[in-house]
Novice: 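Structure in structure tokens, see below.
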Amino acid sequence: MIKKVFFTIFSFFIFLISFSQDTTSAKGAAGALAADRKIYVVMAVVITILAGLILYVVRLDRKIGKLERTS
């Protein structure tokens, strides 16, 4: 009984998610960003954030490695 209820609820959410994706507005928004050249600003921000995260992880890894070697 619980499996049937779970499966029904899960199926409903999958159905709801699949129909909530509107492809026309997504293309319109991306097209508007590209037309206004704001897409480059968005990409610059994303690349800056990713570079910062990568540098942080590398520095953290070096510090942890240093602590492991001294212990």
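Because the structure is predicted, anything quoted here is derived from the model rather than measured. Below, all heavy atoms of this structure are taken into account, side chains as well, without hydrogens, waters or symmetry copies.
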Novice: Linking directly or through intermediates, with side-chain heavy atoms under 4.5 Å: list the remaining ILVMFWY members grouped with V58, chain and number order.
Specialist: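 Members other than V58 - counting any ILVMFWY side chain reachable under 4.5 Å - are I54.
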Novice: Under the side chain to side chain contact (heavy atoms under 4.5 Å, CB included) test against I49, which residue among V46, I47, L53 passes?
Specialist: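 Testing I49 for a side chain to side chain contact (heavy atoms under 4.5 Å, CB included) against V46, I47, L53 leaves exactly one candidate, L53.
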Novice: Keeping R59 on the side-chain end and L55 on the backbone end, is there a donor-acceptor pair under 3.5 Å?
Specialist: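 Judged by distance alone, no pair lies under 3.5 Å.
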Novice: Locate the shortest heavy-atom distance separating R62 from R69; write the atom from each residue and the value.
Specialist: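 Taking every non-hydrogen atom into account, O-NH2, 4.2 Å.
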Novice: Among all residues two or more places apart in sequence or in another chain, which pass the side chain to side chain contact (heavy atoms under 4.5 Å, CB included) test with V57?
Specialist: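 Here no residue qualifies.
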Novice: Who pairs with I64 by side chain to side chain contact (heavy atoms under 4.5 Å, CB included), at least two apart in sequence or on another chain?
Specialist: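 In terms of side chain to side chain contact (heavy atoms under 4.5 Å, CB included), with neighbours along the sequence ignored, I64 is linked to L60, E68.
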Novice: Which atom names give the shortest non-hydrogen contact between L67 and T70, and what distance separates them?
Specialist: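 Answer, listing the atom of L67 first, then T70: O-OG1, 3.0 Å.
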